[in-house]
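Reviewing the structure listed below.
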Amino acid sequence: MSTRKEKIRSKAVELLKTNPDGLRYSDLAKKIFELDNDIPIKTIHSSIWNLDSIFPDKVAKPSRGLFMLKDFYEGPDKTVGIKTPEPTVKPKEEDFYEPFADWLQNELEECTKAIPLGGNRFKDKWGTPDVIGKKESKKSDILHAQTEIVSAEIKSESNQLITAFGQACSYRLFSHKTYLVVPKISSQDEISRLDSLCMVFGIGFVLFNSSDSTNPAFEIRVRAIKNEPDMFYVNKYLRYIEKELFS
């Protein structure tokens with residue numbers, strides 16, 4: 001007769017069969033609990049945390065906290081998992097600039113003013129942020145803090161994530177905070193890697209629904225950490241957008 005732990009592990013493997021892109025540890029535990037909420041959640045956690053070690057021939061762990069059946073995992077140099085098919089007609093990347101500027105200002109409250117930018121407004125090969133904003137103290141505040149510049153790089157295509165991360169890194173030269181915004185349909189392995197990289201570099205990390213610009217459903221994964229930029233470059237680039245951002 002199967003023990004409770006064996007039943008939990010069996011359910012975990014069955015769930016991985018229906019999720020070819022893999023499941024994160026916390027999501028897997030949650031789904032098992034939803035199937036049988038008579039099982040204490042602590043028992044579920046203690047039964048699946050090392051699922052790849054228990055079933056080394058069946059379960060792979062492509063990145064930290066992510067479980068996937070080996071049938072769907074082809075190794076670190078190949079595509080991980082099966083991506084969700086993307087719709088044939090998608091909004092343009094530019095369609096998400098203004099919604100993210102609004103979200104950055106009104107939902108995340110990282111800015112007192114944020115504007116869509118993009119293009120080649122900064123006139124050099126290092127690139128221009130898709131969204132840029134400022135955070136200033138209110139006139140009614142007793143103590144006034146230094147004005148902060150916040151930049152964001154948005155990518156609506158999952159095949160440009162390495163480029164997007166590099167661009168976000170370059171914005172730290174003139175920004176106090178930087179955000180990287182990528183599609184939720186990106187592979188779990190790439191999301192996990194970017195999550196870790198953003199924490200290492202202090203870059204904010206946001207996921208969004210790239211198929212609907214009217215409901216992007218932005219989701220914060222990592223908060224940006226304040227960085228001290230080079231004021232030479234801050235002033236150099238802000239001259240191009242001074243009237244838009246500071247009027």
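- Without hydrogens or angle criteria, Asn209 side chain to Ser211 main chain gives a donor-acceptor distance under 3.5 Å.
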TODO: Could you check Phe208 against Phe100 for ring pair (Phe, Tyr, Trp, His ring centres under 6.0 Å), going step by step and ending with a plain yes or no?
DONE: CA-CA 10 Å; Phe208 75 108; Phe100 186 74; 8.3 Å; no
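- Other residues, nucleotides and ligands contribute over 12 non-hydrogen atoms within 6.0 Å of the OH atom of Tyr25.
- The closest donor-acceptor contact from the side chain of Asp141 to the backbone of Ser137 lies at 3.5 Å or more, if one exists at all.
- More than 12 heavy atoms of other residues, nucleotides or ligands sit less than 6.0 Å from atom NZ of Lys226.
- Here the side chain of Asn37 pairs no donor or acceptor atom with the backbone of Phe33 at under 3.5 angstrom.
- Looking at every heavy atom in both residues, Cys111 comes nearest to Val150 through SG-CB, 3.7 Å.
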Open item on the list: Please evaluate residues Leu15 and Leu23 with respect to the criterion side-chain contact (heavy atoms from CB on, under 4.5 Å), reporting the C-alpha separation (whole Å), side-chain torsions for both, the decisive distance (0.1 Å), and the verdict.
Closed with: CA-CA 9 Å; Leu15 284 167; Leu23 286 170; 4.2 Å; yes
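- Across all non-hydrogen atoms, the minimal contact from Asp95 to Ser213 is CB-CB, 3.8 Å.
- Using a 4.5 Å heavy-atom cutoff, the side chains of Pro91 and Asp212 are not in contact.
- Lys113 is listed as a side-chain neighbour of Ser247, based on a closest heavy-atom distance under 4.5 Å.
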Open item on the list: Lys135 vs Glu109, test: salt bridge (charged side-chain N to carboxylate O under 4.0 Å, His left out). Steps then yes/no.
Closed with: CA-CA 9 Å; Lys135 186 173 185 178; Glu109 296 187 359; over 6 Å; no
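- Between Phe174 and the choices Tyr233, Phe232, Phe122, the ring-ring contact (aromatic ring centres under 6.0 Å, His included) rule is met once, by Phe122.
- Using a 4.5 Å heavy-atom cutoff, the side chains of Val182 and Ser158 are not in contact.
- Salt-bridge formation is detected for the pair Asp36/Lys11: a Lys NZ or Arg NE/NH1/NH2 atom is positioned less than 4.0 Å from an Asp or Glu carboxylate oxygen.
- The backbone N or O of Gln188 lies less than 3.5 Å from no partner atom in the side chain of Ser192, so there is not a single donor-acceptor pair.
- Here CG of Leu28 is found 10.5 Å from CD1 of Ile8. Values are rounded to the nearest 0.5 Å.
- In this structure, Val222 and Ile203 have side chains that are not in contact, with every pair of non-hydrogen atoms separated by 4.5 Å or more.
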TODO: Just do the salt bridge (charged side-chain N to carboxylate O under 4.0 Å, His left out) check on Arg9 and Glu6 with the steps written out, would you?
DONE: CA-CA 5 Å; Arg9 290 163 182 165; Glu6 287 172 341; over 6 Å; no
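- The cluster map of Ile, Leu, Val, Met, Phe, Trp and Tyr, joined by side-chain heavy atoms under 4.5 Å apart, puts Leu108 and Tyr97 in the same cluster.
- Taken to the nearest 0.5 Å, the CZ atom of Arg193 stands 8.5 Å off from the OG atom of Ser187.
- The nearest pair of heavy atoms linking Gly118 to Thr128 is O-CG2, 3.7 Å.
- Residues Tyr240 and Glu244 bring no donor and acceptor atom of their side chains to less than 3.5 Å of each other.
- Both Phe246 and Ile241 are assigned to one and the same hydrophobic cluster, defined by single-linkage of ILVMFWY side chains at heavy-atom distances under 4.5 Å.
- Ser175 places no side-chain N or O within 3.5 Å of a backbone atom of Arg172 that could act as its donor or acceptor partner.
- Between Lys17 and Glu14 there is a salt bridge, since a side-chain N of the basic residue sits under 4.0 Å from a carboxylate O of the acidic one.
- With values rounded to the nearest 0.5 angstrom, Lys155 atom NZ is found 7.0 Å from Thr163 atom OG1.
- Residues Arg223 and Glu110 meet the side-chain proximity criterion, which asks for heavy atoms closer than 4.5 Å.
- Residues Val206 and Trp103 are in side-chain contact: their nearest non-hydrogen atoms beyond the backbone lie under 4.5 Å apart.
- Here CG of Asn159 is found 9.5 Å from OG of Ser186. Values are rounded to the nearest 0.5 Å.
- With Glu93 contributing its side chain and Ser156 its backbone, the two residues share a donor-acceptor pair below 3.5 Å.
- No donor-acceptor contact under 3.5 angstrom links the side chains of Tyr179 and Glu153, judged on distance only.
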Open item on the list: Working note: Ile149 + Tyr237, criterion side-chain contact (heavy atoms from CB on, under 4.5 Å); need CA distance, chi angles, decisive distance, verdict.
Closed with: CA-CA 11 Å; Ile149 301 301; Tyr237 291 125; over 6 Å; no
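- With a 4.5 Å cut-off on side-chain heavy atoms, Met68 and Tyr73 count as touching.
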TODO: Take Lys134 and Glu136, measure what salt bridge (charged side-chain N to carboxylate O under 4.0 Å, His left out) needs, and give me the verdict at the end.
DONE: CA-CA 6 Å; Lys134 64 174 181 176; Glu136 293 180 321; 3.2 Å; yes
Task: Evaluation steps, salt bridge (charged side-chain N to carboxylate O under 4.0 Å, His left out), between Lys184 and Glu219 - done: CA-CA 9 Å; Lys184 291 180 182 179; Glu219 174 191 329; 3.7 Å; yes
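- Between the CG atom of Asp195 and the CG atom of Leu207 there is a distance of 8.0 Å, given to the nearest 0.5 Å.
- Minimum interatomic distance between Leu51 and Leu16 (heavy atoms only, all atoms of both residues): CD2-CD1, 4.1 Å.
- Side chains of Pro116 and Glu94 form no contact here, defined as non-hydrogen atoms less than 4.5 Å apart.
- Nearest heavy atom pair, residue Thr43 against residue Arg4, reads CG2-CD, 3.9 Å.
- Placement of Ile220 and Leu180 in two distinct hydrophobic clusters is found when ILVMFWY residues are connected by side-chain heavy-atom separations under 4.5 Å, directly or transitively.
- In this structure a side-chain-to-backbone donor-acceptor pair under 3.5 Å is missing from His45 to Ala29.
- Listed here is the closest heavy atom pair of Pro183 and Ile191: O-CD1, 4.4 Å.
- Both Ile44 and Phe67 sit in one connected hydrophobic cluster of ILVMFWY residues. Membership requires side-chain heavy atoms under 4.5 Å apart, directly or through other members.
- More than 12 heavy atoms of other shown residues, nucleotides or ligands fall within 6.0 angstrom of atom CD1 in Ile41.
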- [ ] Take Val59 and Lys70 through the test side-chain contact (heavy atoms from CB on, under 4.5 Å) and record every step on the way to the result.
- [x] CA-CA 5 Å; Val59 180; Lys70 284 200 168 180; 5.9 Å; no
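- Few gaps surround CD on Gln160; more than 12 heavy atoms of other groups in view lie less than 6.0 Å from it.
- Cluster membership check: Leu194 does not share its hydrophobic cluster with Val181, using side-chain heavy-atom separations under 4.5 Å among Ile, Leu, Val, Met, Phe, Trp and Tyr.
- Taking CG of Leu245 as the reference point, atom CG of Leu117 lies at 9.0 Å (rounded to 0.5 Å).
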Open item on the list: Using the rule given for side-chain contact (heavy atoms from CB on, under 4.5 Å), can you reason through Asn227 versus Lys177, listing the C-alpha separation, both sets of side-chain angles and the distance that settles it, and then say yes or no?
Closed with: CA-CA 6 Å; Asn227 157 69; Lys177 292 183 179 179; over 6 Å; no
